[in-house]
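First the structure, in the form of structure tokens, and then the observations on it.
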Amino acid sequence: MFKLSKKTKLEELAKSQGLSSTKQLADATNIPKGTLGRYNANLRKNGPTSIYQATIENIVKLAKFAHQTPGELLDWLLNVERDNGLVVDRENQTIQGVPIENHLVFEELLDALLANGNMGYIPTPEDIDKILVEWSDIPKATLNKIRKNYIDSVKYELAKSQIKPDRK
């Protein structure tokens, strides 16, 4: 049976820059084709963390090519999202590396932390653990009601923004 494989991040990078292959990416970055091919094969087989095998020099070359800092490129390669200093992994549902099982709690906590992040507060993993212990006492029905109220307020604001003023 034919299996479609998902593109690796290096293949996505090549395509985003108008290249048709990682071989062209190797040429554009002056990274040896065999080296980039190995990185790509490891990404396909072992996932994003296999990029740790790449040398700093090659990460810098890829980052320059992508017009990013090496840190931004690594975050993208590793599927790490940073919001106001928070390290967020939506796929594994972690904030600052702390796994959060309940999706609703994950989303609500992330929203609250992002709002406070504008004030300069960046929690540690220990802070996240403390918050989760405190939040564990909140009944699920209450969390669902909070979420519903939030969604309703977003819908209201969206609807309000669609109202056109009367022209007289």
Side-chain angles (χ1 to χ4, degrees), residues 1-129 131-132 147 150-151 154-155 157-158 161-162:
M1 181 176 200
F2 182 74
K3 182 180 176 186
L4 289 175
S5 62
K6 185 178 173 185
K7 284 191 184 326
T8 67
K9 288 290 191 168
L10 290 178
E11 291 165 339
E12 287 178 27
L13 175 61
K15 186 175 181 178
S16 74
Q17 300 298 317
L19 304 175
S20 61
S21 69
T22 54
K23 288 178 183 160
Q24 287 181 336
L25 180 61
D27 290 337
T29 58
N30 290 322
I31 297 173
K33 290 178 182 138
T35 301
L36 200 62
R38 249 188 337 278
Y39 293 164
N40 201 45
N42 283 334
L43 284 170
R44 185 175 310 291
K45 183 178 177 187
N46 302 316
T49 56
S50 66
I51 201 65
Y52 292 141
Q53 298 169 359
T55 65
I56 292 171
E57 178 184 7
N58 288 337
I59 293 294
V60 169
K61 287 178 180 179
L62 287 167
K64 278 185 178 181
F65 179 75
H67 308 290
Q68 297 179 340
T69 66
E72 291 169 337
L73 179 76
L74 281 172
D75 284 348
W76 179 74
L77 288 168
L78 294 168
N79 297 318
V80 172
E81 180 182 328
R82 291 186 192 266
D83 289 311
N84 292 343
L86 291 175
V87 178
V88 179
D89 181 344
R90 290 182 185 277
E91 188 175 313
N92 294 312
Q93 237 172 247
T94 66
I95 300 173
Q96 303 299 70
V98 178
I100 302 169
E101 291 180 25
N102 183 314
H103 183 71
L104 180 61
V105 170
F106 171 78
E107 289 294 334
E108 292 300 325
L109 180 56
L110 182 57
D111 288 345
L113 292 171
L114 288 173
N116 285 319
N118 292 331
M119 295 177 229
Y121 171 67
I122 301 173
T124 65
E126 292 77 22
D127 293 336
I128 302 290
D129 284 332
I131 292 168
L132 290 173
R147 184 69 165 175
Y150 171 74
I151 290 170
V154 169
K155 287 179 186 174
E157 289 300 320
L158 180 62
S161 72
Q162 301 301 314

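Counting heavy atoms from C-beta outward, Lys33 and Asp27 have side chains that approach closer than 4.5 Å. Residues Thr124 and Asp127 meet the side-chain proximity criterion, which asks for heavy atoms closer than 4.5 Å. Counting only heavy atoms from C-beta outward, the side chains of Arg90 and His103 never approach each other to under 4.5 Å. Contact of the Ser50 side chain with the Leu43 side chain is registered, since non-hydrogen atoms from C-beta on lie closer than 4.5 Å. You'll find the side chain of Leu10 reaches within 4.5 Å of the side chain of Leu62, heavy atoms only. Two residues are said to be in side-chain contact when any heavy atoms from C-beta on lie closer than 4.5 Å; Ile59 and Ile51 meet this criterion. Side-chain atoms of Leu132 and Leu109, non-hydrogen and from C-beta on, do get closer than 4.5 Å to each other.
Shown here for Gln96 and Pro125, the closest heavy-atom pair between the two residues is O-CG, 3.5 Å. Here the closest non-hydrogen pair linking Asp89 and Phe106 is O-CZ, 4.3 Å. Across all their heavy atoms, Trp76 and Leu13 have their closest contact at CH2-N, 3.7 Å. Among all heavy-atom pairs drawn from Lys61 and Thr29, the shortest one is CD-O, 3.3 Å. Across all non-hydrogen atoms, the minimal contact from Leu73 to Ala66 is CD1-CB, 4.4 Å. Of all heavy-atom pairs spanning Ser21 and Ala14, the tightest one is O-CB, 3.7 Å.
Here the CD1 atom belonging to Ile100 is positioned 9.5 Å from the CD atom belonging to Glu107, to the nearest 0.5 angstrom. For the atom pair Gln93 CD and Asn102 CG, the distance stands at 7.5 Å (nearest 0.5 Å). One finds the CG atom of Leu77 at 9.0 Å from the OG1 atom of Thr8 (value rounded to the nearest 0.5 Å). Atom NZ of Lys7 and atom CZ of Arg44 lie 8.5 Å apart (nearest 0.5 Å).
Screening Thr69, Leu74, Asp75 for a side-chain contact (heavy atoms from CB on, under 4.5 Å) involving Glu72 leaves a single residue, Thr69.
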Could you give me the CA-CA distance, side-chain angles and deciding distance for Tyr39 and Thr22, then say whether side chain to side chain contact (heavy atoms under 4.5 Å, CB included) is met?
CA-CA 10 Å; Tyr39 293 164; Thr22 54; over 6 Å; no

For a side chain to side chain contact (heavy atoms under 4.5 Å, CB included) check, start with the C-alpha distance between Leu19 and Phe65, then their side-chain angles and the critical distance, and finish with the verdict.
CA-CA 12 Å; Leu19 304 175; Phe65 179 75; 3.6 Å; yes

I'd like to know whether Leu110 forms a side chain to side chain contact (heavy atoms under 4.5 Å, CB included) with Leu86, so could you lay out the CA-CA distance, the side-chain angles of the two residues, the decisive distance to 0.1 Å, and finally the verdict.
CA-CA 9 Å; Leu110 182 57; Leu86 291 175; 4.0 Å; yes

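Neither side chain, Glu57 nor Thr55, offers a donor N or O lying under 3.5 Å from an acceptor on the other.
With sequence neighbours left out, His67 forms a side-chain contact (heavy atoms from CB on, under 4.5 Å) with Gln17. With sequence neighbours left out, Glu12 forms a side chain to side chain donor-acceptor pair (under 3.5 Å) with no residue at all.
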